[in-house]
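Presented below is the structure to which this report refers.
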Amino acid sequence: MKRTHHCNELRRAHVNQIVTLSGWVHSRRDLGGLIFIDIRDREGRTQTVFDPSDWAKERFEQAATLRSECVVSITGKVRQRPEGTNNVKIPTGEVEVMAQSFEVLNLAEVLPFPVDDPEVASKVNEELRLKYRYLDLRRPEMARNLRLRSKVANTTRSYMEEQGFLEVETPILFKSTPEGAREFLVPNRREPGTVYALPQSPQQFKQMLMVAGVERYYQLARCFRDEDQRADRQLEFTQLDLEMSFIDREDIYALIEGLLQRVWKIALNLEVPTPFKRISFEEALNRYGIDKPDTRFAMELVDFTDDFRASTFKVFSGAIANGGVVKALNAKGLAGATQGQLETMTEYAKSFGAKGLAYIKVENGEWKSPIVKFFNATEKQALIAKLKIEEGDLILFAADQWLTACEILGKIRLYCADVLKGQGKLTLPGDQFNFLWVIEFPLLGFDREQNRWYSSHHPFTAPVTEDIPLLKTDPKKVRGQHYDIVVNGVELGGGSIRIHQPAVQKTIFEELLALPPDVVQARFGYMLEAFRYGAPPHGGIALGFDRMMAILCGTPSIRDVIAFPKTAKGTCLMTDSPSAIEPKQLRDLHLELKVKQPPPASAPEA
RNA sequence: GGGGGCGUAGCUCAAUUGGUUAGAGCGCUGCCCUGUCACGGCAGAGGUUACGGGUUCGAGCCCCGCCGCUCCCGCCA
């Protein structure tokens with residue numbers, strides 16, 4: 001019996017046809033005389049009916065033994081359901097299949113957790129879901145995520161092809177470039193002591209493709225970073241990686257806006273307006289305290305540096321005298337914050353090196369605060385005017401160096417938003433997507449501990465042309481031609497116009513990043529050489545594909561959009577990897593273990 | 001590397017200040033049931049309270065350790 005239709009296909013138009021459905025027993029309702037078996041496949045489910053008058057007693061009893069998740073083929077005649085028995089919850093609910101014959105293709109033991117009940121299944125311990133991922137993926141919600149991912153990948157590829165991009169695969173076995181994220185290393189059997197590294201991104205290869213004259217490259221590229229994980233970070237993840245020649249930033253903006261517009265239309269049937277808003281790094285920090293602002297709610301930071309420059313409150317005026325700033329935000333309606341909530345916010349402030357967190361609770365027409373007694377009338381008036389203070393508000397202050405003060409309040413702003421959401425005072429519509437380009441990042445940051453400059457993005461980012469003279473005089477002021485695409489507070493991706501002149505690249509490596517020439521030669525020599533043979537101006541971007549899918553699927557964790565994700569500790573609970581290896585494998589690789597090797601999985605526990 | 005949360009039946013969860021035989025719903029097994037779709041009814045089985053110690057007359061509960069999952073900070077050019 002070969003299947004003739006899938007389980008989401010039959011409608012009234014199919015009535016009287018003989019059909020065969022194949023799939024899993026989703027549920028069985030045995031009424032004694034009459035048995036209903038819902039058969040489920042990837043597409044949906046269909047009700048089949050076993051009527052004893054159609055069957056030999058023995059065969060009918062066999063049908064009664066079919067239980068959840070057995071794999072079956074059922075053949076029968078499609079008919080309209082009797083009056084009043086339609087199931088409006090499923091698309092096939094107007095018809096049913098009167099079973100005439102069935103074949104059990106495989107039995108199923110009782111599952112470790114239910115896959116047929118979304119309410120229960122969505123709450124199942126993730127450890128169990130990961131161990132039995134093949135069952136977890138049977139759940140319609142997870143299957144939907146996989147399907148949407150495939151659809152979006154497909155949409156992305158068509159769009160990129162339409163735009164003249166070539167999909168090119170780059171190596172997974174790459175070389176170690178120990179700047180940046182920790183890498184996964186692969187020992188080389190052929191030359192003891194040497195290793196490959198798995199790429200953190202195809203960055204260098206895609207730039208070489210530009211030198212190669214590919215002009216427009218893209219790839220759904222697997223990337224690897226051996227860092228600790230998060231809900232939105234896995235050891236291996238997928239990026240839409242692309243690079244273009246003979247373009248400027250505007251071309252990238254337009255390309256990505258077009259792509260996201262199409263993806264959102266196809267995945268969610270939503271019209272995304274373009275062009276996206278743009279905000280400079282500096283403005284993002286000033287207003288939201290973070291370089292990936294969630295602009296769906298305001299609660300913006302307000303500057304009070306000028307108002308408190310001469311204040312008798314030394315915590316504020318002192319910070320300003322030290323070259324710092326005073327900033328505040330108004331958490332509207334949060335005057336009732338608990339002691340614990342205030343402590344959490346104070347901890348945020350302290351984690352940035354602040355001594356504490358100044359606040360004002362506006363309750364019963366009164367300003368309740370340990371610091372308000374230090375404020376004079378003018379200062380109070382400035383607060384009321386700029387923060388629009390009203391009954392029930394909670395005002396929070398940061399007085400510190402500019403970046404630190406912004407970041408403290410940025411954290412607190414997000415925390416307050418979470419609290420307000422929990423109290424139902426802030427509601428963000430599920431179909432609101434605030435896309436935003438964050439631009440004009442500083443090209444370099446300064447590491448006080450190591451007393452050296454580092455690239456805030458990566459060392460291939462081109463400076464803004466008019467800032468190039470500042471490279472040697474005031475590196476801190478140099479802006480990079482870098483851009484991040486942000487949606488609802490999530491960094492969806494980032495990229496830049498790259499350096500294509502060997503001299504500029506060399507200056508960055510050797511003079512600013514202070515890499516010794518021999519190190520530069522060993523790591524990047526081939527790039528510098530390549531740039532000498534006619535490198536076109538070029539730039540690109542990479543979008544976190546898993547993150548984008550998580551947003552589209554409405555889930556907080558990228559694990560829900562990756563078929564076989566790893567745990568926070570980097571293990572695969574289904575296959576039990578990583579695992580110990582045989583001594584012979586170590587010998588082949590010329591490796592010796594300094595730690596006691598864990599016992600092979602088959603050995604009994606010691 | 002650090003901080004928080006969780007771990008009780010196959011699953012989801014209860015269990016008063018530390019006090020009787022650790023309960024419920026779902027699932028499972030058996031019987032009954034011809035229009036169910038969260039089918040219904042009756043009966044039943046199912047527990048090393050993650051694991052190892054400790055305190056106590058007595059520990060699911062308190063303490064120490066350890067394992068696992070998870071969230072966050074650091075980290076992620």
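A note on names: the letters A, B, ... follow the listed sequences, proteins ahead of strands, and every chain is numbered from 1. The analysis underlying the following values was restricted to heavy atoms, covering all of them including side chains, and did not include hydrogens, waters or symmetry mates. Keep in mind it's a predicted model, so treat the numbers as computed, not measured.
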Legend entry - Whole-Å C1' distance, B:C33 and B:U70: 45 Å
Legend entry - Sugar-phosphate only, base, or nothing, as touched by A:L513 at under 4.0 Å among non-hydrogen atoms: nothing
Inset, instruction - Starting from C1' on B:U36, measure out to NZ on A:K89 and report it in whole angstrom. - result: 12 Å
Legend entry - Distance, P atom - from B:G23 to B:C66, rounded to whole angstrom: 34 Å
Inset, instruction - Tell me which of A:D30 and A:D232 sits closer to the 5' end of RNA chain B, going by the nucleotide each one is nearest to. - result: A:D30
Legend entry - Residue A:P52, side-chain heavy atoms: nucleotide from B:C76, B:U34, B:G68 that is nearest: B:U34
Inset, instruction - For B:U12 and B:C75, measure between their C1' atoms and round to the nearest Å. - result: 36 Å
Inset, instruction - Take atom NZ of A:K477 as the centre, draw a 6.0 Å sphere, and report whether it contains more than 12 heavy atoms from other residues, nucleotides or ligands. - result: no
Legend entry - Atom-pair distance (CG on A:L130; P on B:C69), nearest Å: 9 Å
Inset, instruction - Would you mind classifying the nucleic acid contact of A:S351 as base, sugar-phosphate or nothing, using non-hydrogen atoms under 4.0 angstrom? - result: nothing
Inset, instruction - With heavy atoms under 4.0 Å as the rule, sort A:P112 into base, sugar-phosphate or nothing. - result: sugar-phosphate
Inset, instruction - Just call it for A:N86: base, sugar-phosphate, or nothing, with non-hydrogen atoms closer than 4.0 Å on any strand. - result: base
Legend entry - Distance in angstrom units between A:F50 CZ and B:U36 C1', rounded: 14 Å
Inset, instruction - Under 4.0 Å between any heavy atoms, over every strand shown, what does A:T571 touch: base, sugar-phosphate, or nothing? Just pick one. - result: sugar-phosphate
Inset, instruction - May I ask you to decide if the ring planes of A:H458 and A:F460 are parallel, tilted or perpendicular, using 30° and 60° as cut-offs? - result: tilted
Legend entry - Atom NZ of A:K421 with >12 non-hydrogen neighbours under 6.0 angstrom: yes
Inset, instruction - Under 4.0 Å between any heavy atoms, over every strand shown, what does A:L128 touch: base, sugar-phosphate, or nothing? Just pick one. - result: sugar-phosphate
Inset, instruction - Kindly indicate whether the side chain of A:D228 and the base of B:G74 share any N or O donor-acceptor pair separated by less than 3.5 Å? - result: yes
Legend entry - For atom NZ of A:K131 and atom C1' of B:C67, their distance in whole Å: 14 Å
Inset, instruction - Between B:C69, B:C37, B:C76, spot the one nearest the side chain of A:T85, thanks. - result: B:C37
Legend entry - Integer-rounded Å distance: B:G4 C1' and A:Y348 OH: 11 Å
Legend entry - CA sep, side-chain torsions, deciding dist, call: A:I558, A:M549, side chain to side chain contact (heavy atoms under 4.5 Å, CB included): CA-CA 8 Å; A:I558 63 170; A:M549 288 316 306; over 6 Å; no
Legend entry - hbond_proxy A:E109 side chain to B:G10 base (donor-acceptor, 3.5 Å cutoff): no
Legend entry - Distance between C1' atoms of B:G47 and B:A22 (Å, rounded): 8 Å
Inset, instruction - Please measure how far the P atom in B:C62 lies from the corresponding atom in B:C6, and state the result in whole Å. - result: 10 Å
Inset, instruction - Any strand is fair game: report the nucleotide pairing with B:G46 by Watson-Crick or G-U wobble, both distances under 3.5 Å, or none. - result: none
Inset, instruction - May I ask you to say whether A:D560 pairs ionically with A:R129, meaning some side-chain N is under 4.0 Å from a carboxylate O? - result: yes
Legend entry - Side-chain donor/acceptor of A:Q47 to base of B:U36, under 3.5 Å: yes
Inset, instruction - Using only side-chain N and O atoms of A:R28, determine if any of them is under 4.0 Å from OP1 or OP2 of B:A38. - result: no
Inset, instruction - Return no unless some side-chain N or O of A:K569 is found under 4.0 Å from OP1 or OP2 of B:G68. - result: yes
Inset, instruction - Considering just the side-chain nitrogens and oxygens of A:T567, establish if one lies under 4.0 Å of OP1 or OP2 belonging to B:C69. - result: yes
Inset, instruction - May I have the distance from A:R29 (atom CZ) to B:G40 (atom P), rounded to whole angstrom? - result: 11 Å
Inset, instruction - Answer yes or no: side-chain N or O of A:R230 and base N or O of B:U70 forming a donor-acceptor pair under 3.5 Å. - result: no
Legend entry - Same-atom distance (C1') from B:C31 to B:A45, integer angstrom: 15 Å
Inset, instruction - Taking only Lys NZ, Arg NE, NH1 and NH2, and the carboxylate oxygens of Asp or Glu, determine whether A:R222 and A:E236 approach each other closer than 4.0 Å. - result: yes
Legend entry - Selected nucleotide, minimal atom distance to A:N87 side chain, candidates B:C39, B:U70, B:C37: B:C37
Legend entry - Options B:C69, B:U34, B:C28, nucleotide nearest the side-chain atoms of A:V110: B:C28
Legend entry - Heavy-atom donor-acceptor pair, A:R233 side-chain to B:C76 base, under 3.5 Å: yes
Legend entry - Closest nucleotide among B:U12, B:C69, B:C73 to the A:K411 side chain: B:C73
Inset, instruction - Tell me the partner of B:G40, counting only Watson-Crick (N1-N3 plus N6-O4 or O6-N4) or G-U wobble (N1-O2 and O6-N3) with both under 3.5 Å; none if nothing fits. - result: B:C32
Legend entry - Length of the line joining A:D117:CG and B:G25:P, which is rounded to integer Å: 16 Å
Legend entry - Side-chain donor/acceptor contact of A:R81 with base of B:C37 under 3.5 Å: yes
Legend entry - Pairwise C1' distance for B:G18 and B:G4, with rounding to whole Å: 26 Å
Legend entry - Interatomic distance where NZ belongs to A:K123 and P belongs to B:G10 [whole Å]: 18 Å
Inset, instruction - For the pair A:W55 and A:F102, name the ring-plane relationship: parallel under 30°, tilted 30 to 60°, perpendicular over 60°. - result: tilted
Inset, instruction - Mark yes when over 12 heavy atoms from residues, nucleotides or ligands other than A:W24 sit less than 6.0 Å from its CH2; otherwise mark no. - result: no
Inset, instruction - Taking only the side-chain heavy atoms of A:L573 (C-beta and beyond), determine which of B:C69, B:G35, B:C28 contains the nearest atom. - result: B:C69
Inset, instruction - Show your reasoning for whether side chain to side chain contact (heavy atoms under 4.5 Å, CB included) applies to A:K566 and A:T571. - result: CA-CA 5 Å; A:K566 291 181 174 54; A:T571 62; over 6 Å; no
Legend entry - Strand partner of B:G7, provided both Watson-Crick or wobble distances fall under 3.5 Å: B:C67
Legend entry - A:A231 vs A:G180, nearer the 5' end of RNA chain B by closest nucleotide: A:A231
Legend entry - Nearest-angstrom distance, P atom, B:G5 to B:C42: 43 Å
Legend entry - Verify stack between A:F36 ring and B:U36 base, 5.5 Å, 30 degrees: yes
